[in-house]
Every structure is written in C-alpha cells, then in structure tokens.
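First up is the structure itself, then whatever we jot down about it.
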Amino acid sequence: MVLNPVISKLSGKLVVLASASPRRLEILNNAGLRFQVVPSWFKETLDKGLFKAPHEYAVETARQKALEVARRMPFKHLKTPDIVIGADTIVTVDGMILEKPVDKDDAYRMLSSLSGKEHSVFTGVAIVLCHEKENEEVDYQLIDFYEETKVKFADLSENMLWEYINSGEPMDKAGGYGIQALGGMLVEYVHGDFLNVVGFPLNHFCKQLDLIYNSSISSSDQESSTVWLSHNGNHATSNLTQPSSANHTHHIQSSPSASPVHKVKRKSSETELNESSMTLVNSLSKHTGDKDSANTKLPPMTSRGQVKEPEDGEPKKEDLQRICDLLDGFRASKALFTASKMCVFDVLHGRPGGLEAAQVAQEIKASLKGTECLLEACVSLGLLRSKERMYENTDLSTRFLLSDAPFSLRSQILHCNDTVWPIFSHLESGVLEGVSQRDKALSQTSKDQDTLHSSQDSKLRFMNAMHNIAKVTGKAIATAFDLSSFRTACDLGGCTGAMADEFTKAHPGLSVTVFDLPTVVQLREHFQPLHTDNRVSFVAGDFFKDDLPKADLYILARILHDCSDEKLDILLSKIADACTPGCGLLLSEIFLDEDRKGPSRGLLQALGMGEGKQRSATEYSLLLKSHGFITAHVRHTGNLLDAMLCIKA
Ligand SMILES: O=c1[nH]cc([C@@H]2O[C@H](COP(=O)(O)OP(=O)(O)OP(=O)(O)O)[C@@H](O)[C@H]2O)c(=O)[nH]1
C-alpha cells in the first residue's frame, strides 16, 4: 500500500484521543498530530469468553472506549469532536489474554508465563468519525482494525523477574512489561510493528486514515456505503452498496440476518492489512428503508444525551422485553425441567416424522391439554420443533436432553428440579438469614414425595448430575494446559471419574487417581465408560480427614466454591503438605469477572447461600498463593468452567 500524507488531513479538525496512556499520547504527538486527550470511562470488563479470537476482544474494547468519549463529549464538554481515537493493547500467550497486572503477584504470573516464549501483542484501534446533524443529533461512523506483533522473551531468572517487578514498571502495562523502557532488557526479538507493542500501531493507523481521507470513494458513495452508528451504539443491520476505491477493493458483505459487523478485507499491492471491520449499522434517519432496520428502529438520542422516549410515552420495547425475559425465566426453566423429567425428549427420539401431542400424552401418561401446552412451550424455547402438529426433537435437545446422549445434561436438569429449585423457592429466607435453605427445602420436599428415595438412589442421582457436568466440561479443562511435566494426578472429589477419563485421554503419560468418599467410590461401577483405561484408579477417603494419595498434580474441579473458609484452609493445607516444590494444582471453577459483575451463572449459583463463595481468578490466585501455590496459567475456556494451573513454590 502506498502511504500518502494523512496527518495534515486532520488539521483543523477536533481530534480526541480517548486514552490515558502516556505512551499513546507521545506516539501521536511525535507524529505531529494535534489532538485533545479525553480518557475513556469505559470499564474494561468485557467477557473474554465471548470472543472467538483475542484481537476481537481488543478491538471491541477499543470501540467501546472511543464511543464512550464520543457520546459523552457533546454534553459533558459541550462540543462534538470530529474524530475520536480509542485503543486497547493486550498480550496473549498459551491461549491466555494478559492485560495490566492487578498487583505484583499478578505481574509475576504474567512475566513468568512469558519467560522464554514468543508471544503476541495485539492493539485494537477504533476511529469514530462524528457527524453532527442539523437537528443536533450526532451520527457516528465507526472504523476499527487491529495490529499484531510477535515478541520473544529471554529465559528470565527469578532474580530478573523480581528486580523488574520491583521497579514498578510492569504495573500499568499490558502483559506487565514496557518494551520501550526497562522491559526492553527482557526481549530477544520483535517481529512486526514495535510501536504496536508500546501501545499504538502508528503506521497501520496512518494507512487507515489514508483510506478514509484519500480513498477515491466519492462522498455520495461514502454516504451510501457508510452506514452510521445509532446514538445508543446499538447495532442494526443495513443494506449496503459495495464501494470500491482506487487503492483498495473492499467487500462488505451484508445480509438482513447478518450481524451488523461486516468484515472488510482490504488488500493492497504491498501490505495486506489484517482484517479491519467497519461496524456498519444504520442511522435512524436516512437508511431505515429495509424491514430489518425498521424492526431495530431506536429512539434517537439528542446531542444532549437524553434518550427521546417514543412520542406516545410507551416504554422502550427492548427494556420491557428484558424485564419480561427475566419474569418468564423461571417458567422456561420449569418447562425444561418438566419435559425432561417426563421424558418427553426420550419419547420423541427415534420417531421419524415426530409424534402428535396425543401420542406423546399417551406415552408420558399425561393430559392432552397439559401435554399440548408443554410441547408448544418447548417449541417456543427451541427445544422442540413442530410441523403440521407433529413434534420432533431439535439438535439442541438431541445433543443435551436425551438420557443417553454423550453430553446429556438430563441428570443435571433433574438435580436442578429436585434439589436446587426447592432451595430457590426459599430464596427470600436465604437472603434474610444469610444461610442455606437446603435442609428446610429438602426435608419439606422429601416429606412431600410419595416414596422417600433411598440414600443410594439420591446419591446416584447426585452423581449422575455431577457426571453430566464433568462430561460436558472435562475435555476443555483437561486440554487447557500443557501437563507433560506431570506423571501422576489426583482428582480430589472426582466423583464418577468422567473428568479423570478426559485427563488420561488428553495426556497419554498421565495416570489419575480419583479420591472420593467411600459411598461414591462404591457406586462408580454405574458410570464406568465402555473403554476401561487402567490409568484411572479409585481410592476411597475423605479429603478433609484422610491422607491424600501421592501425586505430582492435584485436580480440584468445582470443589473450592462449595467450601467454607475453614474447610478451604484444611483442604489446601493438606494439599500443600502433600506437595513438593514443582507439584501442580489444577483448579476448575467459574471465575467471576474481576469486578464481580458477571458471569451471572456464577453469581446466581451463589444465591444458594452455601457455605462457600464464588471468586474471580485473581481471588483464587491469591487464595492458592497463601498456601504456597503460584499461579502459572489461567484459561477462560468459554465452556461452563474456567481453569487455573498453579505450581507449588
Ligand atoms: O511494551 C509495552 N506494552 C504496553 C504498554 C502500555 O500498556 C498499556 C496497555 O493498557 P490499555 O490498552 O488498557 O491502555 P491504558 O494504559 O489502560 O489506557 P486507556 O485509557 O487507553 O485504557 C498502554 O498504556 C500501553 O502504552 C507499554 O507502555 N509498553
């Protein structure tokens, strides 16, 4: 790509850098850009698990940083900028995203995970072009891209690590290092844009400006091809013409059902810019021709930031829908629980063409009316499909709701129905008293049941539920880290051995001992996989009281969140005592976001008021460090559980 002068194109425009990074300020200053700095208030807490690739996380964070400033300025600074620039820099290694360390321990974790390795630095950049309209409304055009640079660290000694950490330099830098300063000592090579590592890919930025201000797309083309971001930043689809420019051919694919983010692939003779995507959403005024955008018509925001309620004063549909979704949530859960318990999905399995409601009613021995309502509700939830009054399973129900599906969750669903649901029926008491309502709820439930389940039956049902979760999450956890340095593992509370199976499958050199209560180990025959791998063995015992089997890796999957502080201390002390330096501890839990604002799955689980608590990765890391385990790697798997690998110091 031939690069043309671009900085001068911005003279006379109000350019805003939505960043508090002194390095970004210096880079753009040195390039001769005149701009104002308005740090963004956007909290960098996007759920990383939602992004398919690390760079998407950096780009979305950059977008939100820039949009927050672009939207705030008209009524906080009483002026609308012409251009707002946002950026976010992250480091990735071993599948982990490293941002700025929260403390020295975190910096140690990051730097030790980078030691001796090549890693990537991604900087996402968002350019928001603001267009103030005659009616004071502001439309935004959002253009974003990312740049990747590879960096290789030398092998770092403990002394080197701690000397660098104690310099204080790591604390405000992605990945815990500053390549432009002391951190340069750690670096063996850089492949790619050095400034991108520092925090701003200046060359790529200039190329992007070139596309915006020097491309041959005529203003009318730009008008027709450039679709504007609605004031609220909500996306909407739009139909687009396919513009072409002198230096670049870019293809903007759009379809009514497509996400509003369209990948724009720009190629040039010299440089293939990596994917830069222009978030294309339609304005409220000009491009709402097609039905989709009409459906997503949003109340316009005045430049003073107030959302204009629709003329008739009706509440916004989206807000009402959000509340109704929450209102109906328990009905949806109960429909799933009931259909599962009544074996609706099993009844429909293997019935080509499906069954009528009357046939299902007969098979599940239920009323026709009740069965029809249940089947229709399941169709509305995507659990069944119907055609000419014939009902069939969907892929979703076939994969997760059949009793004998490889990843069946039916037992977990029955556990939620029979145990969790009664507990949540006493949630108000739980909140008032701050203690679990389990005994009250289950003693009442067991009295209500015609026949009390034998202790073995209820134990089996619980084990089945745990087996379901281990089957669904086991592979993601077992493959989260390189465990080649470990030969023996002990899965504490490993229940049926489903997780142990996945570890032996993923690591041929590893044998796993499942250590669980005698009543659990006695019942393991009910769950043994068809293939019996002799690398999985069972030992009965109580990990709070008995000696732990010797191993060089201990696995704790969904155990710690259920333990009181006292039990945590007992268990972790026993593990620490059983470990020699270099032993591993692999923890698998739901890791809360650092600001404890999500994921709701974890925070809703905490409403069970058990004696344990939900924690973030940092909280778990510090808890384990207090027992001599240093966190080496953290993995947000995007599955139901996350994972952390710690090493005994
Ligand atoms: O080698 C280096 N690597 C990274 C940096 C600096 O690290 C931070 C990255 O953090 P972020 O992208 O979140 O930016 P912030 O500083 O928090 O400012 P925002 O207001 O934009 O969020 C960034 O400052 C890089 O410059 C470095 O200096 N050297």
Side-chain angles (χ1 to χ4, degrees), residues 15-31 35-46 48 51 54-70 72-73 84-93 97-102 106-107 110-111 113-115 117-128 144-154 156 164-165 167-202 204-205 593-595:
V15 181
V16 173
L17 173 62
S19 174
S21 168
R23 279 74 57 177
R24 291 191 181 119
L25 186 151
E26 184 182 1
I27 290 170
L28 289 174
N29 258 338
N30 291 345
F35 58 94
Q36 287 185 13
V37 175
V38 178
S40 177
W41 293 349
F42 176 70
K43 292 281 172 274
E44 300 177 41
T45 58
L46 294 173
K48 299 176 182 64
F51 297 88
H55 68 260
E56 292 181 3
Y57 169 78
V59 167
E60 185 58 29
T61 301
R63 279 193 198 126
Q64 297 303 328
K65 286 180 181 179
L67 281 170
E68 189 281 323
V69 170
R72 174 166 33 110
M73 283 191 73
V84 179
I85 305 161
D88 189 60
T89 302
I90 60 171
V91 167
T92 64
V93 66
I97 292 180
L98 309 180
E99 297 178 280
K100 297 188 288 289
V102 296
D106 204 20
M110 291 184 180
L111 292 163
S113 68
L114 296 172
S115 172
K117 290 182 194 160
E118 179 183 87
H119 61 270
S120 287
V121 182
F122 291 97
T123 297
V125 177
I127 302 168
V128 179
D144 52 54
F145 65 89
Y146 71 91
E147 182 70 24
E148 177 181 9
T149 304
K150 299 280 190 185
V151 178
K152 169 83 163 43
F153 266 22
L156 307 176
Y164 182 56
I165 291 166
S167 75
E169 184 174 286
M171 302 321 292
D172 67 338
K173 297 179 180 62
Y177 74 91
I179 194 169
Q180 73 280 8
L182 295 174
M185 293 186 290
L186 315 179
V187 175
E188 284 187 346
Y189 65 68
V190 177
H191 289 166
D193 181 346
F194 177 87
L195 289 181
N196 181 55
V197 182
V198 179
F200 197 80
L202 184 59
H204 196 152
F205 174 68
D593 298 342
E594 294 306 325
D595 60 8

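Both ligands and their constituent atoms are indexed starting at 1 by order of listing.
Legend: residues meeting side chain to side chain contact (heavy atoms under 4.5 Å, CB included) with Thr45, ordered by chain and number and at least two apart, are Lys43, Asp595. Residues satisfying the salt bridge (Lys or Arg N to Asp or Glu O under 4.0 Å) criterion with Glu188, sequence neighbours excluded, are Lys152.
Polar contact with ligand 1: absent for Gly199 (N/O pair, distance under 3.5 Å). At least one N or O atom of Ser19, backbone or side chain, sits closer than 3.5 Å to an N or O atom of ligand 1. Considering both main-chain and side-chain atoms, Ser40 never comes within under 3.5 Å of ligand 1 through any nitrogen or oxygen pair. The shortest N or O to N or O distance between Ala18 and ligand 1 is not under 3.5 Å.
Looking only at atom types and distance, the side chain of Glu44 has no donor-acceptor partner in the side chain of Thr61 under 3.5 Å away. There is a side-chain donor-acceptor pair under 3.5 Å between Glu169 and Tyr164. Using a 3.5 Å distance cut-off with no hydrogens or angles, the side chains of Arg72 and Ser40 do not pair a donor with an acceptor.
Atoms of ligand 1 lying under 4.0 Å from any heavy atom of Gly178, numbered from 1 in the order shown and given with element: 1 (O), 2 (C), 29 (N). Taking every non-hydrogen atom of Ala174 and a distance limit under 4.0 Å, the qualifying atoms of ligand 1 come out as 4 (C), 7 (O), 8 (C), 9 (C). The atoms of ligand 1 that sit less than 4.0 Å from any heavy atom of Ala87 are 21 (O).
Residue Lys173 touches ligand 1 through backbone and side chain together, judged by heavy-atom distances below 4.0 Å. In Arg24, the part holding a heavy atom less than 4.0 Å from any atom of ligand 1 is the side chain.
Looking at heavy atoms from C-beta onward, Gln36 lies out of side-chain contact with Val69 at the 4.5 angstrom threshold.
With atom 8 (C) of ligand 1 as the reference point, the heavy atom nearest to it among Val121, Asp172, Val91 is part of Asp172.
Formation of a donor-acceptor pair under 3.5 Å by the Asn196 side chain with backbone atoms of Glu147 is found in this model.
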